[in-house]
Amino acid sequence: MNLMIKIAWRNIMRHRGKSLVIGVILFVGAFLMTIGNGVISGMDRGLQKNIVNSFTGDIVLVSEKQESDEVFIEMMGKTVEPINNFKQVDSLLKTVDDLQKWVPIGKNGALVLNEEGGAPGFTFLIGVDFERYQKVFPNTMKAVEGRLFNPGEHGVLVPTGARKQMFEVSNIWFIPEGCGVDTTSMFKEAKEMRSNLVSKQSIVFMGMGADNTSTDIRLGIKGIVRYNALNQIWGHFGIVDIESYRNCIGYIAAADKASLVLSDADKKLLGGEDTDLDNLFSVDGMITENVFAPPRSSTKTSTAPKAATGPSLADAIQTDLDDGTYNLVLVLLNDHSKLDEKVKAVNQRLKASGVGVRAVPWKKAIGAIGSMAVLIKSALFVFVMFLFFVAIIIIVNTLSMAALERTSEIGMMRAVGARKGFISTMFFGETAILSFFFGGLGIVTGYVTVRVLALCKFTSDNDMVQLLFGGDTFHPLLSGGDILLAVIQLTIVTLIAVIYPMQVARSITPLDAIARE
Amino acid sequence: MNIIEIRNLKKNYALGKTTVYALRGIDLAIEKGDLISIVGPSGSGKTTLLNVIGCIDNATEGSVKVSDREITKLNDRQITDMRLHHIGFIFQTFNLIPVLNALENVEFPLLLMKKQSKNEIRKRAEKLIDEVGLRDYLKHRPAELSGGQRQRVAIARALVTNPDIVLADEPTANLDSVTGEQILNLMKDMNRIEQTTFIFSTHDANVLKYANSVVKIRDGLIVKEA
């Protein structure tokens with residue numbers, strides 16, 4: 001072995017030019033592969049953090065009646081089927097291991113009516129019990145104007161993206177209740193219209209229910225929010241309190257069920273004379289104002305009457321938010337790597353219990369975004385593989401030429417008794433030394449570069465770039481596993497690259513050497 | 001006792017659509033410890049005959065026994081081992097491993113054999129280097145040696161494994177007359193000291209005086225043995 005290493009090393013030094021060419025290829029290949037691994041790994045972690053841990057959860061439970069798995073961004077305008085029995089689902093989820101936490105939400109599209117008479121806009125609405133939602137997805141957004149919901153409060157949180165989109169359609173600049181127009185957060189077109197800008201502190205949504213039974217509902221804007229990552233994408237989803245959401249979409253609200261226990265005032269109203277019909281069915285206008293009671297959580301609470309507007313249907317009744325309708329249940333796992341296994345387990349449990357709900361992995365539920373993320377990741381992987389391929393081709397070519405140029409030397413070695421194995425090992429040894437030295441250097445340099453890039457904290461507002469970054473900040477990451485992967489990739493490149501030249505060298509006979517002379 | 005026995009050896013080469021009949025039925029027996037010269041004009045088949053005896057080329061037809069082994073029936077590994085253990089080579093162009101120095105070149109076949117310790121190998125190689133008169137050039141690489149010195153290293157390397165036969169294909173062809181004479185004297189001395197069979201090819205009539213016997217070859221056939 002010493003002899004072979006000695007010959008290999010001295011041959012490398014003897015053919016410095018060729019060794020350097022191969023070495024540089026190995027260096028660049030290993031360097032780019034390491035960075036590629038870092039970007040992919042960072043993207044994975046970013047997507048995990050900014051999609052799964054911030055928006056979708058690992059598993060999304062949908063109604064069995066739901067045809068499409070793509071429940072978040074439904075391009076065809078189809079509604080997401082309702083889940084009316086969350087309590088049953090909740091009990092069932094408690095029996096499944098490794099589920100960290102979950103939250104039920106409502107999710108559907110709604111038209112944003114233009115009170116100035118123009119065309120309506122469109123937005124996605126997510127109906128949540130905000131306090132409960134934040135326990136599962138904490139710190140996913142911040143208010144850039146106004147504030148977030150107080151516990152149990154009714155209203156809407158408008159993301160910056162949705163506000164921009166609504167402005168483009170209606171020329172109305174939405175601002176939070178009690179706030180003035182903040183020009184610092186305005187974009188160019190809005191600023192240009194500053195003098196005759198129409199601003200509003202509430203939005204009228206017209207829900208898009210499956211049975212075309214929808215209600216127009218006016219909701220006060222509590223805050224303009226910005227998602228901490230992927231704001232361009234999640235910015236299309238306005239956050240509405242769950243009861244307002246249900247009312248808007250035309251679902252059964254928790255208050256509706258609770259109202260089976262009627263108050264004396266309600267009984268009196270329902271049992272009144274014909275002349276009271278106007279009182280029974282009249283509302284102040286065509287639009288339902290925000291009539292719900294003040295703060296409630298998912299637990300049963302007693303709601304207080306609204307002093308300013310007088311008693312409403314929902315006042316003074318016992319409500320449990322989980323009595324009402326949801327569309328999705330977002331589930332976070334303890335171990336994200338067990339996604340497929342857990343989807344299967346949850347589905348088995350759901351099917352056996354017959355609750356009419358099924359589990360979908362987040363990538364399917366997020367649809368095009370998940371596919372795009374997978375596509376970008378695949379493209380990066382293909383790029384790394386392409387580097388592999390190019391490196392292999394160049395190294396194979398260079399080594400094969402080197403083998404042929406050394407026909408005399410190899411043939412003579414064979415003539416004095418060196419077996420083919422000796423020649424193979426010698427040749428492999430030379431490539432392995434180059435690979436170890438230059439490839440190793442490439443991996444170390446790649447590692448340092450990834451660390452530096454991570455420190456630079458490059459940011460982007462572009463959707464595609466954000467998907468590549470796995471968030472709005474570029475944060476490539478190299479774990480021990482990624483470095484090991486780079487070493488394995490380098491080893492594979494070396495092994496593949498040396499096979500053909502080794503065969504060429506092995507096939508050289510003493511006669512070839514004599515013939516060359 | 002014959003160290004080499006050749007019967008009806010034929011060797012044909014396909015050269016495009018034509019066939020070259022390099023050896024057309026050689027019968028030859030060589031005794032152990034002999035110093036034989038194969039002479040003949042260019043293209044007579046000298047080198048082909050040496051290559052077949054030296055397990056470097058295959059016979060098309062016939063039988064070749066070297067050290068009592070029929071070499072025409074051996075596989076690649078056996079042929080390689082045969083070259084390593086029984087045959088030494090001295091080529092026309094002093095084929096040494098360029099990255100190894102003189103001593104390491106001589107050690108090379110012994111290291112391949114893996115039969116002796118490092119010290120034994122070193123002693124054996126130094127002894128032979130000494131015998132060929134290159135004691136002062138142990139650490140010199142081939143590029144730092146003259147043609148004659150390289151050929152001496154090649155002779156030492158060919159002998160280091162104590163082979164049954166040493167084959168030398170025109171060993172003086174690329175040397176000046178003085179150096180060539182020194183090399184032939186050295187081979188003759190080594191033949192005497194090591195009792196190794198030497199077969200060398202030449203087309204130079206002047207070198208015949210160094211051989212114990214001469215085989216004349218022409219057009220692939222032996223025309224005279226003396």
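Chain letters run A, B, ... following the sequence lines, proteins first, then strands; residues in each count from 1. Just so you know, these numbers come straight off a predicted model, no measurement behind them.
Residues M413(A) and F108(B) form a side-chain contact, since some pair of their non-hydrogen atoms from C-beta on lies under 4.5 Å apart. Proximity of R141(B) to R14(A): side-chain heavy atoms (C-beta onward) are nowhere separated by under 4.5 Å.
For R83(B) (side chain) and R414(A) (main-chain N/O), a donor-acceptor pair under 3.5 Å exists by modelled atom type.
Only the side chain of L112(B) has a heavy atom closer than 4.5 Å to any heavy atom of chain A. Proximity to chain A (any heavy atom under 4.5 Å) is restricted, for E104(B), to the side chain, taken from C-beta onward. With a 4.5 angstrom heavy-atom cutoff, M13(A) does not touch chain B via any of its atoms. The part of K118(B) that comes within reach of chain A is its side chain, from C-beta onward, which places non-hydrogen atoms under 4.5 angstrom from that chain.
The only member of M412(A), R10(A), R406(A), E409(A) that meets side chain to side chain contact (heavy atoms under 4.5 Å, CB included) when paired with P98(B) is E409(A).
Shortest non-hydrogen contact noted between K420(A) and D76(B) is CE-OD2, 3.7 Å. The two residues I56(B) and A415(A) come nearest to each other via the heavy atoms CD1-CB, 4.3 Å.
For D68(B), the CG atom is loosely surrounded, since the number of other residues' heavy atoms within 6.0 Å does not exceed 12.
Taking NZ of K6(A) as the reference point, atom CG of L100(B) lies at 7.0 Å (rounded to 0.5 Å).
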